[in-house]
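Worksheet: one structure, shown below.
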2 protein chains.
Amino acid sequence: MLHDVFALPSGKTLDICLSIQTAILEHKLAPGLKLSEDEVGEIYGVSRTVVRAALQALAHSSLVTIRKNRGAFVAKPTMREAHEVFQARALIEPAVARLAADAITPADLDLLKAHLAAEHAALDSGDMSKALVLSGGFHTAIADIADHRVFTGMVRSLISRSSLIIALYSKRSDTACESHSHGALMDAFADNDAVAAEEIQKSHIIDLHSGLDLREKESDPKSLSQALGLAV
Amino acid sequence: MLHDVFALPSGKTLDICLSIQTAILEHKLAPGLKLSEDEVGEIYGVSRTVVRAALQALAHSSLVTIRKNRGAFVAKPTMREAHEVFQARALIEPAVARLAADAITPADLDLLKAHLAAEHAALDSGDMSKALVLSGGFHTAIADIADHRVFTGMVRSLISRSSLIIALYSKRSDTACESHSHGALMDAFADNDAVAAEEIQKSHIIDLHSGLDLREKESDPKSLSQALGLAV
DNA sequence: CAATTCCAATATGTATACAATTTTTAATCA
DNA sequence: TGATTAAAAATTGTATACATATTGGAATTG
């Protein structure tokens, strides 16, 4: 479901990529967390060689940041990056939705419906991280239907980064993706209404964007004095 | 000038990335050419470890294709991929041009003028591969001016891939980038006319797209060490 | 002679060992 | 005590060795 962001690395490497990616997307690995090569290798039972390849692949999809001689960390997008990612989504995803509306088949529609149902179920059961992943999956599913590899790659990457951004900057956990917009999109798709799909998707992305909290979050204090933060 | 497509790998790795990328962009390495790890390592005097990292990075930017247990090859975009890349460019680059027109400074303008002059000089001297690289550089320079990292990354990647596509599918070598469009863009930038810049850029990309030839091309890869030897 | 099978040669996948860098800890001195 | 410095520990960068998979060709067979 969420492959191919990477340029298909060798078997073991890909497994580790997907595993770490999933963990990041489910917010099980917090932004900024150090991903030590030895530690990761120990966990998966492989050598550092494989781990390095996986971490590099994740770095290319902007989920991990690698600092020279210092190691890999779960990416921690800045506010600026957050805005840029959603600006890019606001440009690209409406165009993709338009393509999808023209190309969609009844089978695709059923798949989207199932997706939406799973999303609702997760929301109802209060499993927010799962709901968030599914919400992103809805967007990538649309890209898959559009069947445009270049756009799909871009959308997948942007969705991944959005997950990280939402972890850091969402006002409330529920802001993830109000299913209302997704439902409206479904209707447009059912009618093969490309113009409506494009319009709805654009509004939806803009809503998501404005649902972000503009205040800079406190980055983990570097020094102790800053942590105590009294004498400024 | 053409960095940052990669997630900044370690020193040696980056050198090799840039060297191979340059060679590919200058059409010194033909699409489909095998990039043997031993051979590349021999040429640059490094171990396969470093070469693998470089090749993986290049694979992530779609300049190289890695086939499991089979090795790395200079990417050979399909006709479909060619169309998709230019469709993506037609969507993204006009938006970027619009941003650039709003943000451009006199210093930026001078830089673009110099770029354009160099492009003309290369064309006049008949150095087509250089002209092609400079032509791509003009587009990435615009992205840099727009100062939007996410879009810039996308544009860089698309421009790189376009170079490969042009190597395979351009009708004639001169089709690369008629400087006329670039000149018209310059005027719009000079006037800070964002709407015009967007419009001109869109037309320009569409022209480039329709300048592609639909026939599959044949190519005979030259010796690897010979091609790279010149680039180093 | 063509097709097939098997083995050798070659290349990539992975693990491990060593080198270089950074971070931590301890010790020294003002 | 606090700051500075130096040694030690830990981590990443790189090279090499071994394991595994692919490729090419010789020998065999029909």
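Keep in mind that this is a model prediction, so the values were computed, not measured. FYI, side chains are in, hydrogens and waters are out, and symmetry mates aren't considered; it's all heavy atoms of this structure. Convention: sequence-line order gives letters A, B, ...; per-chain numbering from 1.
- Remark: B:R156 engages B:D144 in a salt bridge, criterion side-chain N to carboxylate O under 4.0 Å.
- DNA chain C is contacted by no residue of residues 35-44 of chain A, taking any non-hydrogen atom closer than 4.0 Å.
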Sugar-phosphate or base contact per nucleotide [nucleotides 17-25 of chain D; S, B, -; heavy atom under 4.0 Å]: B---SSS--
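- Rounded to a whole Å, the CG atom of B:L14 is 11 Å from the P atom of D:dT14.
- The shortest heavy-atom contact between A:P31 and A:V74 is CA-CG1, 3.6 Å.
- Checked options A:Q201, A:H139, A:H115; the residue passing with A:H182 is A:H139 (criterion: side-chain hydrogen bond (donor to acceptor under 3.5 Å, both in side chains)).
- The shortest distance between the side-chain N/O atoms of B:S47 and the OP1/OP2 oxygens of D:dA15 is below 4.0 Å.
- Taking the nucleotide of DNA chain C with the nearest heavy atom to each of A:K12 and B:A72, the more 5' of the two is matched to B:A72.
- At least one side-chain heavy atom of A:I20 sits less than 4.5 Å from a side-chain heavy atom of A:V40.
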Taking it one step at a time, do B:I104 and B:L112 satisfy side-chain contact (heavy atoms from CB on, under 4.5 Å)? CA-CA 10 Å; B:I104 200 164; B:L112 279 186; 4.1 Å; yes
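- Ion pairing between a basic and an acidic side chain is recognised when a charged N comes within 4.0 Å of a carboxylate O; B:E81 and A:R149 show no such pairing.
- Residues B:L158 and B:E84 form no side-chain contact, since every pair of their non-hydrogen atoms from C-beta on lies 4.5 Å or further apart.
- Atom P of nucleotide D:dT12 and atom CZ of A:R52 are separated by 8 Å, given to the nearest angstrom.
- Straight-line distance from the CD1 atom of A:I66 to the C1' atom of D:dT12: 11 Å, rounded to whole Å.
- Atom P of nucleotide D:dG13 and atom CD1 of B:I16 are separated by 15 Å, given to the nearest angstrom.
- Going from atom CG of B:D15 over to atom P of D:dT14 covers 10 Å, rounded to whole Å.
- Using a 4.0 Å cut-off between a side-chain N of Lys or Arg and a carboxylate O of Asp or Glu, B:D108 and B:K113 do not qualify as a salt bridge.
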